[in-house]
Engineer: 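Here it is, the structure, as C-alpha coordinates.
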Amino acid sequence: MTLQKKDAVEVFAAGEKGRGLRTTKEMQPGEVVFAEASFAAVVFDSLSMQVCHNCFRRQAYPHRCAQCKFAYYCDRTCQHAAWEEHKQECAAIRQQGKAPNESVRLAARTLWRMQRHTSKVSDGQLTTLDFLEDHISKMSPEDLKVLNGNVQKFKEYWPSKSKQFGVDYLQHIFGVINCNAYTMSDQKGLQAVGVGLFPNLCLVNHDCRPNCTVILNHGNQTFLDASFHSQRRIELRALGNISEGEELTVSYVDFLNVSKDRQQQLKRQYYFDCNCEYCAGGVKDDLMTAVKEKDGKKPSAEQVKEVTEFTTQALAKIEQARTEGNFQEVVKLCRECLEKQQSVLADTHLSLLRVLRIASEVLSYLQMFQDAANYASRLVEGYAKLYQPNSAQLGMATMRAGVIHWHAGNIEIGHGMICQAFAILMITHGPHHPITKDLEVMHQLSTFL
(Lines give C-alpha, C1' and ligand atoms only; values in the text may rest on other atoms or scores of the structure.)
Protein backbone atom coordinates (compact mmCIF):
# COMPACT_ATOMS: atom_id res chain seq x y z
CA MET A 1 0.00 0.00 0.00
CA THR A 2 1.46 3.35 -1.08
CA LEU A 3 0.68 6.26 1.24
CA GLN A 4 2.49 9.31 -0.10
CA LYS A 5 5.29 10.17 -2.54
CA LYS A 6 8.25 12.56 -2.59
CA ASP A 7 10.66 12.73 -5.51
CA ALA A 8 12.01 9.20 -5.99
CA VAL A 9 10.59 7.68 -2.78
CA GLU A 10 7.24 6.61 -1.45
CA VAL A 11 5.90 5.64 1.95
CA PHE A 12 4.63 2.09 2.21
CA ALA A 13 3.40 -0.35 4.83
CA ALA A 14 6.48 -2.37 5.82
CA GLY A 15 4.84 -5.16 7.81
CA GLU A 16 6.01 -5.55 11.40
CA LYS A 17 8.32 -2.55 10.99
CA GLY A 18 5.35 -0.23 10.47
CA ARG A 19 5.87 2.34 7.75
CA GLY A 20 8.95 2.52 5.57
CA LEU A 21 10.34 4.26 2.51
CA ARG A 22 11.09 2.62 -0.83
CA THR A 23 12.37 3.86 -4.17
CA THR A 24 10.23 4.56 -7.21
CA LYS A 25 13.23 4.33 -9.56
CA GLU A 26 16.65 2.66 -9.73
CA MET A 27 19.43 4.33 -7.75
CA GLN A 28 23.17 4.34 -8.41
CA PRO A 29 25.99 4.33 -5.79
CA GLY A 30 26.48 7.84 -4.39
CA GLU A 31 23.16 9.14 -5.72
CA VAL A 32 21.23 11.42 -3.37
CA VAL A 33 17.92 9.67 -2.74
CA PHE A 34 16.51 12.76 -1.03
CA ALA A 35 17.68 15.76 0.96
CA GLU A 36 15.80 17.19 3.94
CA ALA A 37 16.25 20.33 6.00
CA SER A 38 15.91 19.89 9.76
CA PHE A 39 12.50 20.48 11.29
CA ALA A 40 14.39 21.62 14.40
CA ALA A 41 17.94 21.16 15.65
CA VAL A 42 20.12 22.18 18.59
CA VAL A 43 23.81 22.10 19.51
CA PHE A 44 24.82 19.82 22.38
CA ASP A 45 25.05 21.51 25.79
CA SER A 46 28.72 20.59 26.13
CA LEU A 47 29.64 22.28 22.82
CA SER A 48 27.32 25.29 22.92
CA MET A 49 30.26 27.75 23.02
CA GLN A 50 32.32 26.03 20.31
CA VAL A 51 29.81 25.24 17.56
CA CYS A 52 27.70 27.58 15.42
CA HIS A 53 24.03 27.25 16.42
CA ASN A 54 23.02 27.87 12.80
CA CYS A 55 25.22 25.77 10.53
CA PHE A 56 26.73 23.44 13.19
CA ARG A 57 30.32 24.11 12.14
CA ARG A 58 32.99 24.19 14.83
CA GLN A 59 34.51 27.64 15.29
CA ALA A 60 37.63 28.76 17.17
CA TYR A 61 36.24 32.24 17.90
CA PRO A 62 32.45 32.22 17.47
CA HIS A 63 30.26 35.31 17.72
CA ARG A 64 27.94 35.29 20.78
CA CYS A 65 24.32 36.43 20.85
CA ALA A 66 24.42 39.64 22.87
CA GLN A 67 20.90 39.15 24.22
CA CYS A 68 20.71 35.62 25.63
CA LYS A 69 24.51 35.15 25.82
CA PHE A 70 23.98 31.45 25.13
CA ALA A 71 23.88 30.99 21.36
CA TYR A 72 27.07 31.29 19.29
CA TYR A 73 27.52 31.77 15.55
CA CYS A 74 30.23 31.79 12.89
CA ASP A 75 29.55 35.49 12.31
CA ARG A 76 26.68 37.96 11.97
CA THR A 77 25.66 36.39 8.67
CA CYS A 78 24.97 33.05 10.37
CA GLN A 79 23.34 34.84 13.30
CA HIS A 80 20.98 36.70 10.98
CA ALA A 81 20.12 33.48 9.12
CA ALA A 82 19.27 31.78 12.43
CA TRP A 83 17.16 34.57 13.91
CA GLU A 84 13.74 33.14 13.00
CA GLU A 85 14.64 29.87 14.71
CA HIS A 86 16.38 31.54 17.66
CA LYS A 87 14.09 34.52 18.33
CA GLN A 88 11.62 32.83 20.71
CA GLU A 89 14.35 30.70 22.25
CA CYS A 90 16.39 33.82 22.93
CA ALA A 91 13.53 35.46 24.82
CA ALA A 92 12.80 32.29 26.83
CA ILE A 93 16.44 31.90 27.88
CA ARG A 94 16.57 35.55 28.97
CA GLN A 95 13.36 35.09 30.92
CA GLN A 96 14.60 31.97 32.74
CA GLY A 97 18.14 33.24 33.17
CA LYS A 98 19.76 30.11 31.71
CA ALA A 99 19.32 27.61 28.91
CA PRO A 100 17.77 24.19 29.65
CA ASN A 101 19.28 20.91 28.43
CA GLU A 102 19.42 20.01 24.75
CA SER A 103 16.34 17.75 24.85
CA VAL A 104 14.19 20.54 26.28
CA ARG A 105 15.63 23.07 23.83
CA LEU A 106 14.93 20.72 20.91
CA ALA A 107 11.35 20.12 22.07
CA ALA A 108 10.79 23.87 22.43
CA ARG A 109 12.23 24.64 18.98
CA THR A 110 10.04 21.88 17.55
CA LEU A 111 6.85 23.28 19.07
CA TRP A 112 7.70 26.87 18.10
CA ARG A 113 8.22 25.64 14.55
CA MET A 114 4.87 23.89 14.61
CA GLN A 115 3.20 27.06 15.82
CA ARG A 116 4.76 29.09 13.01
CA HIS A 117 4.21 26.64 10.16
CA THR A 118 1.91 23.91 11.54
CA SER A 119 3.28 20.38 11.87
CA LYS A 120 3.87 20.06 8.12
CA VAL A 121 6.25 22.70 6.77
CA SER A 122 6.33 21.70 3.08
CA ASP A 123 4.60 19.54 0.47
CA GLY A 124 7.71 17.36 0.44
CA GLN A 125 7.27 16.36 4.08
CA LEU A 126 5.86 12.82 4.08
CA THR A 127 4.78 12.63 7.72
CA THR A 128 4.21 14.83 10.75
CA LEU A 129 5.66 14.49 14.23
CA ASP A 130 2.18 13.64 15.53
CA PHE A 131 2.27 10.38 13.55
CA LEU A 132 5.78 9.29 14.54
CA GLU A 133 6.24 6.57 17.13
CA ASP A 134 7.11 7.65 20.69
CA HIS A 135 7.42 4.10 22.19
CA ILE A 136 6.46 5.42 25.62
CA SER A 137 4.60 2.19 26.42
CA LYS A 138 7.86 0.25 25.92
CA MET A 139 10.11 2.50 28.01
CA SER A 140 11.77 1.28 31.18
CA PRO A 141 10.90 3.01 34.47
CA GLU A 142 14.31 4.71 34.39
CA ASP A 143 13.74 6.09 30.86
CA LEU A 144 10.25 7.26 31.80
CA LYS A 145 11.64 9.06 34.84
CA VAL A 146 14.11 10.96 32.64
CA LEU A 147 11.38 11.75 30.09
CA ASN A 148 8.97 13.06 32.72
CA GLY A 149 11.78 15.12 34.26
CA ASN A 150 12.29 16.78 30.87
CA VAL A 151 8.55 17.42 30.58
CA GLN A 152 8.68 19.27 33.90
CA LYS A 153 11.74 21.26 32.85
CA PHE A 154 10.00 22.13 29.60
CA LYS A 155 6.95 23.51 31.44
CA GLU A 156 9.25 25.71 33.53
CA TYR A 157 11.04 26.95 30.41
CA TRP A 158 8.06 27.41 28.06
CA PRO A 159 6.71 31.01 28.11
CA SER A 160 3.47 31.35 30.07
CA LYS A 161 1.92 33.58 27.40
CA SER A 162 2.47 31.01 24.64
CA LYS A 163 0.04 28.23 23.76
CA GLN A 164 0.20 25.59 26.49
CA PHE A 165 0.42 21.84 25.88
CA GLY A 166 -0.86 18.94 27.94
CA VAL A 167 1.43 16.46 29.64
CA ASP A 168 0.40 13.61 27.30
CA TYR A 169 1.35 15.61 24.21
CA LEU A 170 4.66 16.74 25.70
CA GLN A 171 5.45 13.13 26.59
CA HIS A 172 4.79 12.21 22.95
CA ILE A 173 7.16 14.92 21.68
CA PHE A 174 9.93 13.87 24.05
CA GLY A 175 9.32 10.21 23.14
CA VAL A 176 9.69 11.09 19.45
CA ILE A 177 12.93 12.94 20.20
CA ASN A 178 14.25 10.05 22.27
CA CYS A 179 14.00 7.47 19.49
CA ASN A 180 13.93 9.53 16.27
CA ALA A 181 16.40 12.39 16.68
CA TYR A 182 19.43 12.30 14.39
CA THR A 183 22.92 13.08 15.68
CA MET A 184 24.57 15.86 13.67
CA SER A 185 28.33 16.12 13.10
CA ASP A 186 30.74 19.00 12.57
CA GLN A 187 31.94 20.12 9.14
CA LYS A 188 34.67 17.45 9.05
CA GLY A 189 32.30 14.68 10.10
CA LEU A 190 34.65 13.80 12.96
CA GLN A 191 32.62 14.76 16.04
CA ALA A 192 28.95 14.71 16.97
CA VAL A 193 27.99 18.30 17.84
CA GLY A 194 24.19 18.39 17.98
CA VAL A 195 20.88 16.67 17.41
CA GLY A 196 17.95 17.35 15.10
CA LEU A 197 14.59 16.07 13.90
CA PHE A 198 14.10 15.15 10.23
CA PRO A 199 10.56 13.74 9.74
CA ASN A 200 11.18 12.02 6.39
CA LEU A 201 14.41 10.43 7.63
CA CYS A 202 12.44 9.03 10.58
CA LEU A 203 10.53 6.85 8.09
CA VAL A 204 13.71 5.07 6.94
CA ASN A 205 13.98 1.74 8.76
CA HIS A 206 17.09 0.06 10.14
CA ASP A 207 19.18 -2.71 8.67
CA CYS A 208 22.58 -3.82 9.95
CA ARG A 209 23.73 -3.99 6.31
CA PRO A 210 21.91 -0.94 4.90
CA ASN A 211 21.65 0.21 1.29
CA CYS A 212 21.87 3.91 2.24
CA THR A 213 23.84 6.23 4.49
CA VAL A 214 23.03 9.64 5.95
CA ILE A 215 25.37 12.62 5.78
CA LEU A 216 24.90 16.16 7.08
CA ASN A 217 25.34 18.97 4.56
CA HIS A 218 25.94 22.15 6.55
CA GLY A 219 24.71 24.44 3.80
CA ASN A 220 26.31 27.71 2.74
CA GLN A 221 25.76 31.00 4.52
CA THR A 222 28.83 32.83 3.20
CA PHE A 223 27.07 35.00 0.62
CA LEU A 224 26.24 38.54 1.71
CA ASP A 225 22.90 38.21 -0.07
CA ALA A 226 20.81 35.83 2.05
CA SER A 227 18.81 34.78 -1.01
CA PHE A 228 21.84 32.71 -2.08
CA HIS A 229 22.11 30.87 1.23
CA SER A 230 21.45 27.12 1.38
CA GLN A 231 20.03 25.38 4.44
CA ARG A 232 21.73 22.74 6.54
CA ARG A 233 20.20 19.43 5.55
CA ILE A 234 20.72 15.71 5.65
CA GLU A 235 21.32 13.79 2.46
CA LEU A 236 20.26 10.17 2.14
CA ARG A 237 22.80 8.60 -0.24
CA ALA A 238 22.72 5.21 -1.96
CA LEU A 239 25.63 2.93 -0.99
CA GLY A 240 25.16 0.66 -3.99
CA ASN A 241 22.72 -0.13 -6.75
CA ILE A 242 19.14 0.00 -5.46
CA SER A 243 16.33 -1.49 -7.52
CA GLU A 244 13.01 0.23 -8.14
CA GLY A 245 10.60 -0.65 -5.34
CA GLU A 246 13.37 -1.71 -2.93
CA GLU A 247 13.05 -0.56 0.69
CA LEU A 248 15.53 2.11 1.77
CA THR A 249 17.45 1.34 4.96
CA VAL A 250 20.13 2.90 7.14
CA SER A 251 21.97 1.54 10.16
CA TYR A 252 20.93 3.03 13.49
CA VAL A 253 23.98 1.55 15.25
CA ASP A 254 27.59 0.76 14.42
CA PHE A 255 27.95 -2.65 12.77
CA LEU A 256 31.10 -3.41 14.79
CA ASN A 257 29.37 -5.37 17.52
CA VAL A 258 28.35 -9.02 17.48
CA SER A 259 24.72 -9.54 16.47
CA LYS A 260 23.50 -10.21 20.01
CA ASP A 261 24.98 -6.93 21.27
CA ARG A 262 23.56 -4.97 18.31
CA GLN A 263 20.14 -6.46 18.94
CA GLN A 264 20.31 -5.51 22.61
CA GLN A 265 21.38 -1.97 21.78
CA LEU A 266 18.57 -1.55 19.24
CA LYS A 267 16.01 -2.95 21.68
CA ARG A 268 17.22 -0.69 24.47
CA GLN A 269 17.45 2.51 22.41
CA TYR A 270 14.86 2.05 19.65
CA TYR A 271 12.49 -0.53 21.16
CA PHE A 272 12.43 -3.12 18.37
CA ASP A 273 13.86 -6.57 17.71
CA CYS A 274 16.24 -6.63 14.75
CA ASN A 275 15.73 -9.72 12.61
CA CYS A 276 17.77 -8.59 9.62
CA GLU A 277 19.82 -11.15 7.70
CA TYR A 278 23.03 -10.28 9.55
CA CYS A 279 21.48 -10.52 13.02
CA ALA A 280 19.37 -13.60 12.30
CA GLY A 281 22.35 -15.45 10.83
CA GLY A 282 25.03 -14.02 13.10
CA VAL A 283 26.90 -12.99 9.96
CA LYS A 284 30.53 -12.02 10.67
CA ASP A 285 30.17 -12.76 14.38
CA ASP A 286 32.83 -15.43 13.85
CA LEU A 287 35.28 -12.83 12.50
CA MET A 288 34.53 -10.36 15.29
CA THR A 289 35.38 -12.99 17.91
CA ALA A 290 38.07 -14.84 15.92
CA VAL A 291 41.27 -16.09 17.53
CA LYS A 292 44.67 -16.72 15.98
CA GLU A 293 45.43 -20.09 14.55
CA LYS A 294 49.00 -21.36 14.25
CA ASP A 295 49.91 -24.69 12.69
CA GLY A 296 46.26 -25.72 12.91
CA LYS A 297 46.12 -25.04 16.65
CA LYS A 298 44.00 -22.40 18.41
CA PRO A 299 44.56 -20.90 21.86
CA SER A 300 42.58 -22.50 24.66
CA ALA A 301 39.28 -21.07 25.89
CA GLU A 302 41.06 -20.10 29.13
CA GLN A 303 43.67 -18.10 27.22
CA VAL A 304 41.00 -16.27 25.21
CA LYS A 305 39.01 -15.50 28.36
CA GLU A 306 42.11 -14.21 30.13
CA VAL A 307 43.04 -11.89 27.24
CA THR A 308 39.51 -10.53 26.71
CA GLU A 309 39.13 -9.81 30.44
CA PHE A 310 42.54 -8.14 30.46
CA THR A 311 41.47 -6.04 27.46
CA THR A 312 38.23 -4.96 29.13
CA GLN A 313 40.11 -3.78 32.20
CA ALA A 314 42.80 -2.11 30.08
CA LEU A 315 40.23 -0.22 28.00
CA ALA A 316 38.72 1.23 31.18
CA LYS A 317 42.18 2.41 32.31
CA ILE A 318 42.91 3.74 28.81
CA GLU A 319 39.70 5.76 28.78
CA GLN A 320 40.47 7.22 32.21
CA ALA A 321 44.01 8.18 31.18
CA ARG A 322 42.70 9.69 27.96
CA THR A 323 40.11 11.75 29.85
CA GLU A 324 42.86 13.03 32.16
CA GLY A 325 45.03 13.95 29.17
CA ASN A 326 47.75 11.49 30.18
CA PHE A 327 48.48 10.39 26.62
CA GLN A 328 51.84 8.76 27.36
CA GLU A 329 50.02 6.46 29.78
CA VAL A 330 47.44 5.72 27.08
CA VAL A 331 50.21 4.65 24.69
CA LYS A 332 51.86 2.50 27.37
CA LEU A 333 48.56 0.74 28.20
CA CYS A 334 47.71 0.22 24.53
CA ARG A 335 51.09 -1.36 23.81
CA GLU A 336 50.81 -3.66 26.83
CA CYS A 337 47.35 -4.70 25.70
CA LEU A 338 48.37 -5.31 22.08
CA GLU A 339 51.32 -7.41 23.22
CA LYS A 340 48.97 -9.51 25.34
CA GLN A 341 46.55 -9.92 22.41
CA GLN A 342 49.22 -10.64 19.78
CA SER A 343 49.34 -14.42 19.98
CA VAL A 344 45.67 -14.95 20.88
CA LEU A 345 43.31 -12.63 18.98
CA ALA A 346 42.85 -12.50 15.21
CA ASP A 347 43.15 -9.25 13.28
CA THR A 348 39.35 -8.90 13.09
CA HIS A 349 38.64 -9.40 16.80
CA LEU A 350 36.68 -6.44 18.17
CA SER A 351 38.86 -6.08 21.27
CA LEU A 352 42.01 -5.83 19.15
CA LEU A 353 40.44 -3.31 16.75
CA ARG A 354 39.32 -1.05 19.60
CA VAL A 355 42.84 -0.88 21.01
CA LEU A 356 44.36 -0.32 17.56
CA ARG A 357 41.97 2.60 16.94
CA ILE A 358 42.86 4.35 20.18
CA ALA A 359 46.58 3.68 19.76
CA SER A 360 46.69 5.10 16.23
CA GLU A 361 44.71 8.21 17.22
CA VAL A 362 46.80 9.03 20.30
CA LEU A 363 50.16 8.31 18.67
CA SER A 364 49.15 10.54 15.77
CA TYR A 365 48.20 13.29 18.23
CA LEU A 366 51.64 12.89 19.83
CA GLN A 367 53.17 13.11 16.32
CA MET A 368 54.66 9.63 16.62
CA PHE A 369 53.53 9.04 13.07
CA GLN A 370 55.44 5.89 12.10
CA ASP A 371 54.03 3.82 14.98
CA ALA A 372 50.62 5.40 14.44
CA ALA A 373 50.75 4.48 10.74
CA ASN A 374 51.49 0.82 11.48
CA TYR A 375 48.54 0.57 13.86
CA ALA A 376 46.25 2.51 11.48
CA SER A 377 47.05 0.12 8.62
CA ARG A 378 46.23 -2.88 10.77
CA LEU A 379 42.96 -1.22 11.76
CA VAL A 380 41.95 -0.63 8.14
CA GLU A 381 42.79 -4.24 7.24
CA GLY A 382 40.47 -5.45 9.98
CA TYR A 383 37.70 -3.00 9.09
CA ALA A 384 37.84 -4.02 5.42
CA LYS A 385 36.91 -7.59 6.39
CA LEU A 386 33.95 -6.49 8.51
CA TYR A 387 32.35 -3.35 7.08
CA GLN A 388 30.62 -3.30 3.70
CA PRO A 389 32.83 -1.93 0.90
CA ASN A 390 31.22 1.52 0.68
CA SER A 391 30.87 2.06 4.42
CA ALA A 392 31.51 5.59 5.67
CA GLN A 393 33.32 4.13 8.69
CA LEU A 394 35.73 2.24 6.44
CA GLY A 395 36.22 5.34 4.28
CA MET A 396 36.98 7.56 7.27
CA ALA A 397 39.38 5.03 8.80
CA THR A 398 41.19 4.65 5.46
CA MET A 399 41.41 8.43 5.13
CA ARG A 400 42.91 8.81 8.61
CA ALA A 401 45.42 6.03 7.91
CA GLY A 402 46.41 7.66 4.63
CA VAL A 403 46.94 11.03 6.29
CA ILE A 404 49.01 9.44 9.07
CA HIS A 405 51.19 7.62 6.52
CA TRP A 406 51.58 10.93 4.68
CA HIS A 407 52.87 12.58 7.88
CA ALA A 408 55.13 9.60 8.54
CA GLY A 409 56.78 10.16 5.16
CA ASN A 410 55.27 7.04 3.60
CA ILE A 411 53.99 9.04 0.65
CA GLU A 412 53.31 6.14 -1.71
CA ILE A 413 51.34 4.16 0.88
CA GLY A 414 49.55 7.32 2.00
CA HIS A 415 48.66 8.19 -1.59
CA GLY A 416 47.18 4.74 -2.18
CA MET A 417 45.05 4.90 0.95
CA ILE A 418 43.89 8.44 0.19
CA CYS A 419 42.78 7.25 -3.25
CA GLN A 420 40.87 4.36 -1.68
CA ALA A 421 39.25 6.67 0.87
CA PHE A 422 38.36 9.21 -1.81
CA ALA A 423 36.53 6.55 -3.85
CA ILE A 424 34.46 5.50 -0.83
CA LEU A 425 33.72 9.01 0.47
CA MET A 426 32.65 10.22 -2.96
CA ILE A 427 29.79 7.75 -2.54
CA THR A 428 29.03 8.33 1.14
CA HIS A 429 29.68 12.09 1.35
CA GLY A 430 29.58 13.35 -2.23
CA PRO A 431 31.96 15.67 -4.13
CA HIS A 432 31.09 18.87 -2.27
CA HIS A 433 31.62 17.76 1.33
CA PRO A 434 34.64 19.39 3.07
CA ILE A 435 36.21 15.99 3.76
CA THR A 436 36.02 14.97 0.11
CA LYS A 437 37.41 18.32 -1.01
CA ASP A 438 40.35 18.00 1.41
CA LEU A 439 41.08 14.50 0.13
CA GLU A 440 40.98 15.71 -3.46
CA VAL A 441 43.59 18.36 -2.66
CA MET A 442 45.80 15.77 -0.92
CA HIS A 443 45.39 13.42 -3.86
CA GLN A 444 46.50 16.10 -6.28
CA LEU A 445 49.47 17.08 -4.11
CA SER A 446 50.67 13.50 -3.71
CA THR A 447 50.82 12.99 -7.49
CA PHE A 448 53.57 15.64 -7.66
CA LEU A 449 55.73 14.10 -4.91
Engineer: Assess whether a salt bridge exists between Arg109 and Glu89, defined as any Lys/Arg side-chain N lying under 4.0 Å from an Asp/Glu carboxylate O.
Structural biologist: yes
Engineer: Report the C-alpha separation of Arg113 and Glu85 in whole Å, then their side-chain angles, then the decisive distance to 0.1 Å, and conclude whether the salt bridge (Lys or Arg N to Asp or Glu O under 4.0 Å) test is met.
Structural biologist: CA-CA 8 Å; Arg113 180 79 184 270; Glu85 194 173 23; 5.7 Å; no
Engineer: side-chain contact (heavy atoms from CB on, under 4.5 Å), that's the test. Do His86 and Cys68 meet it? Break it down for me.
Structural biologist: CA-CA 10 Å; His86 178 58; Cys68 69; 3.5 Å; yes
Engineer: Under 3.5 Å, is there a donor-acceptor pair linking the side chains of His53 and Ser48?
Structural biologist: no
Engineer: Under 3.5 Å, is there a donor-acceptor pair between the Asp273 and Gln263 side chains?
Structural biologist: no
Engineer: With Asn205 as reference, evaluate Glu247, Arg19, Lys17 under the side chain to side chain donor-acceptor pair (under 3.5 Å) test and give the passing residue.
Structural biologist: Glu247
Engineer: Let's go through Val331 and Arg335 carefully: what are the C-alpha distance in whole Å and the side-chain angles of both, what is the deciding distance for side-chain contact (heavy atoms from CB on, under 4.5 Å) to 0.1 Å, and is it a yes or a no?
Structural biologist: CA-CA 6 Å; Val331 171; Arg335 284 179 168 153; 3.5 Å; yes
Engineer: Start with the C-alpha distance between Phe174 and Ile136, add both sets of side-chain angles, then the distance that settles side-chain contact (heavy atoms from CB on, under 4.5 Å), and finish with yes or no.
Structural biologist: CA-CA 9 Å; Phe174 278 102; Ile136 288 176; over 6 Å; no
Engineer: Looking at Phe255, I'd like to know if the NZ or CZ of Arg209 sits under 6.0 Å from its six-membered ring centre while staying within 45 degrees of the ring's axis.
Structural biologist: yes
Engineer: Would you please say whether a donor-acceptor pair under 3.5 Å links the side chains of Asp75 and His63?
Structural biologist: no
Engineer: Please step through side-chain contact (heavy atoms from CB on, under 4.5 Å) for the pair Gln96 and Glu156, ending with a clear verdict.
Structural biologist: CA-CA 8 Å; Gln96 192 175 47; Glu156 295 168 1; 4.1 Å; yes
Engineer: Among residues at least two apart in sequence or on other chains, which ones pass side-chain contact (heavy atoms from CB on, under 4.5 Å) with Lys87?
Structural biologist: Trp83
Engineer: So Glu31 and Arg237, salt bridge (Lys or Arg N to Asp or Glu O under 4.0 Å) or not? Walk me through it.
Structural biologist: CA-CA 6 Å; Glu31 189 171 349; Arg237 291 180 165 270; over 6 Å; no
Engineer: When you check the side-chain N and O atoms of Asp134 and Gln171, is any donor under 3.5 Å from an acceptor?
Structural biologist: no
Engineer: For Tyr169 and Asp130, test the side chains for any donor-to-acceptor distance below 3.5 angstrom and give the result as yes or no.
Structural biologist: yes
Engineer: With a sphere of 6.0 Å drawn around CD of Glu16, does it hold more than 12 non-hydrogen atoms of other residues, nucleotides or ligands?
Structural biologist: no
Engineer: Assess the side chains of Asp254 and Tyr387: does a donor N or O sit below 3.5 Å from an acceptor N or O?
Structural biologist: yes
Engineer: Under a 3.5 Å cutoff, is there a donor and acceptor pairing between the side chains of Asp143 and Asn178?
Structural biologist: no
Engineer: Would you please say whether a donor-acceptor pair under 3.5 Å links the side chains of Gln191 and Asp186?
Structural biologist: no
Engineer: Tell me whether Gln264 at atom CD has more than 12 heavy atoms from other residues, nucleotides or ligands lying less than 6.0 Å away.
Structural biologist: yes
Engineer: Among residues at least two apart in sequence or on other chains, which ones pass side-chain hydrogen bond (donor to acceptor under 3.5 Å, both in side chains) with Asp45?
Structural biologist: Arg105
Engineer: Within a reach of under 6.0 Å around NZ of Lys25, are more than 12 heavy atoms found that belong to other residues, nucleotides or ligands?
Structural biologist: no
Engineer: Between Phe327 and Arg322, is there a cation-pi geometry (under 6.0 Å to ring centre, at most 45° from the normal)?
Structural biologist: no
Engineer: Parallel, tilted or perpendicular, judged at 30° and 60°: which one describes the rings of Tyr252 and His206?
Structural biologist: tilted
Engineer: Would you say the rings of Trp158 and Phe165 are close, in the sense that their centroids are separated by under 6.0 Å?
Structural biologist: yes
Engineer: State, without any angle test, whether Gln320 and Glu324 hold a side-chain donor-acceptor pair at a distance under 3.5 Å.
Structural biologist: yes
